Protein chains: 2
Amino acid sequence: MKSILHALAEPNRLRIVELLRSGPLTVGEIAERLSFNQPQTSKHLKVLSEAGVLLVEASANRRIYRLSPKPFQELEAWASSFRRDWEERMDRLDGYLQRLQQDGTER
Amino acid sequence: MKSILHALAEPNRLRIVELLRSGPLTVGEIAERLSFNQPQTSKHLKVLSEAGVLLVEASANRRIYRLSPKPFQELEAWASSFRRDWEERMDRLDGYLQRLQQDGTER
DNA sequence: CAGCTATATTCCACTGAACGTATATTTTAG
DNA sequence: CTAAAATATACGTTCAGTGGAATATAGCTG
């Protein structure tokens, strides 16, 4: 999770991720469309790959990068777990209020 | 989204967020439980607050920080939008394959 | 094999962010 | 009003990460 967040937090890497939404691309294509130079592009792709955000497929001279579903599933699960925290807290508050009301009506 | 990711990507800030899962805390309590010094804690809390991750409530001398639901909802929605990308791609692939098959059986 | 293309790696400079210490600000207590 | 407690801000240092230029590596083509 930490490495995923770190990889995505860098603005230019986030741009790469958004670009790859529409489909897999080679290093050169990514660099061209985002006006990055090639080495910098490779470095960002390395970070994203090592974080598991991207998958690489070697095809002859070229390397085709594509989004991996996993990190986004993890991110979604992690973010949604906070929603569950709220709901649990609400449940406890609800139970507490109900107990309060019951104590009031019983006597 | 960019500021949310940036705020959460820093390991010590992530620890603060995880700590606040269990409920709101004051600056001093956060610093103590995570063995941070007070100024550094305040700085991290500032970044998290400005990114909308935390909400502050002033209570006399103290400031009580709590998680805000919004950024996590946004994060969840953003992450899940990638899943939708996959499904759409699958749909297109599916349609393509069906058309292929139809072309085959028609003649 | 030689030359060419695509990508990765290395080296260096620089910026930004995190950290610690000291200080300022705010609020309460006496 | 003064002293103490809780928090925020300012300042200087250090370090990680980004960016660019040059170079290395891998694979194709003739």
Side-chain angles (χ1 to χ4, degrees), chain A residues 1-68 71 75, chain B residues 1-68 71 75:
Chain A
M1 177 59 45
K2 206 156 54 177
S3 63
I4 296 174
L5 288 170
H6 170 256
L8 295 175
E10 209 285 322
N12 285 332
R13 282 196 291 266
L14 191 58
R15 292 181 62 193
I16 293 178
V17 168
E18 292 290 354
L19 174 61
L20 290 179
R21 267 179 186 272
S22 51
L25 292 174
T26 66
V27 178
E29 289 167 336
I30 296 169
E32 188 194 354
R33 301 204 193 182
L34 298 179
S35 302
F36 296 164
N37 58 33
Q38 177 269 316
Q40 199 57 27
T41 306
S42 284
K43 286 184 228 172
H44 282 314
L45 292 172
K46 186 178 184 180
V47 174
L48 288 165
S49 300
E50 287 179 345
V53 176
L54 301 185
L55 301 173
V56 208
E57 176 196 350
S59 167
N61 240 358
R62 329 207 156 173
R63 303 221 170 179
I64 301 170
Y65 285 85
R66 76 187 66 233
L67 294 178
S68 168
L75 207 60
Chain B
M1 178 57 47
K2 206 155 56 176
S3 64
I4 296 174
L5 287 171
H6 169 254
L8 295 176
E10 209 284 323
N12 285 333
R13 283 197 290 266
L14 192 58
R15 291 181 63 192
I16 292 178
V17 168
E18 292 289 353
L19 174 61
L20 290 179
R21 266 180 188 271
S22 51
L25 291 174
T26 66
V27 178
E29 289 168 336
I30 295 169
E32 189 194 353
R33 301 203 193 183
L34 299 180
S35 302
F36 296 164
N37 58 34
Q38 178 268 316
Q40 200 57 30
T41 306
S42 284
K43 285 183 228 170
H44 282 315
L45 292 172
K46 186 177 185 180
V47 174
L48 287 166
S49 299
E50 288 178 345
V53 177
L54 301 185
L55 301 173
V56 207
E57 176 196 350
S59 167
N61 240 359
R62 330 207 156 171
R63 302 222 170 178
I64 302 170
Y65 285 86
R66 76 187 66 232
L67 294 179
S68 167
L75 206 60

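Since this is a predicted model, take the numbers as computed values, not measurements.
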J.: Looking only at the side chain of B:H44 (C-beta and beyond, no hydrogens), which of the listed nucleotides C:dA22, C:dA18, D:dG19 gets closest?
T.: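 From the listed options, C:dA18 comes nearest.
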J.: Any donor-acceptor pair under 3.5 Å between the side chain of B:N61 and the base of C:dT28?
T.: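 It does not, because no donor-acceptor pair links the side chain of B:N61 to the base of C:dT28 below 3.5 Å.
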J.: Kindly indicate whether the side chain of A:K43 and the base of D:dG17 share any N or O donor-acceptor pair separated by less than 3.5 Å?
T.: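 Side chain to base: no pair present.
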J.: Is the base of C:dA6 touched by the side chain of A:Q38 through a donor-acceptor pair closer than 3.5 angstrom?
T.: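 No, no donor-acceptor pair under 3.5 Å.
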J.: Please walk me through it: do A:I16 and A:L20 pass side chain to side chain contact (heavy atoms under 4.5 Å, CB included)?
T.: CA-CA 6 Å; A:I16 293 178; A:L20 290 179; 4.1 Å; yes
J.: Roughly how many Å is it from CZ in A:R13 to P in D:dG17, rounded to a whole number?
T.: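 The distance from CZ of A:R13 to P of D:dG17 comes to 9 Å, rounded to the nearest Å.
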J.: Going through the distances and angles, do B:V53 and B:R13 end up as a side chain to side chain contact (heavy atoms under 4.5 Å, CB included)?
T.: CA-CA 10 Å; B:V53 177; B:R13 283 197 290 266; over 6 Å; no
J.: Does a side-chain N or O from A:N12 land closer than 4.0 Å to OP1 or OP2 of D:dG19, or not?
T.: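 Checking D:dG19 against A:N12, a side-chain N or O does come within under 4.0 Å of OP1 or OP2.
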J.: Taking atom CD as the centre, does B:E18 end up with more than 12 heavy-atom neighbours from other residues, nucleotides or ligands that are less than 6.0 angstrom away?
T.: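 Yes, enclosed.
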J.: Let's see if you can work this out: which of D:dG19, D:dT7, C:dT5 has an atom nearest to the side-chain heavy atoms of B:R63?
T.: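 So the nucleotide nearest the side chain must be D:dT7.
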J.: With sugar-phosphate meaning primed atoms plus P, OP1 and OP2, does B:K46 contact a base, only sugar-phosphate, or nothing at under 4.0 Å between heavy atoms?
T.: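 Sugar-phosphate: the residue B:K46, judged by heavy atoms under 4.0 Å, touches backbone atoms but no base.
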J.: Could you tell me the separation between the CZ atom of B:R62 and the C1' atom of C:dT25, rounded to a whole number of Å?
T.: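 Atom CZ in B:R62 sits about 17 Å away from atom C1' in C:dT25.
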J.: As a test of reading the structure: which of C:dA18, C:dT26, D:dC28 is closest to the side chain of A:A60, going by heavy atoms?
T.: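 Of C:dA18, C:dT26, D:dC28, D:dC28 is nearest to the side chain of A:A60.
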J.: Select base, sugar-phosphate, or nothing to describe what B:T41 touches, counting heavy atoms under 4.0 Å on all strands.
T.: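 Counting heavy atoms under 4.0 Å across all strands, no contact is made by B:T41.
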J.: Under 4.0 Å between a side-chain N/O of B:N37 and OP1 or OP2 of C:dG20, yes or no?
T.: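 So the side chain of B:N37 is within the cut-off, an N or O lying under 4.0 Å from OP1 or OP2 of C:dG20.
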J.: Could you check whether B:F36 gets within reach of a base, just the sugar-phosphate, or nothing at all, counting any heavy atom under 4.0 Å?
T.: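 Result for B:F36 = nothing.
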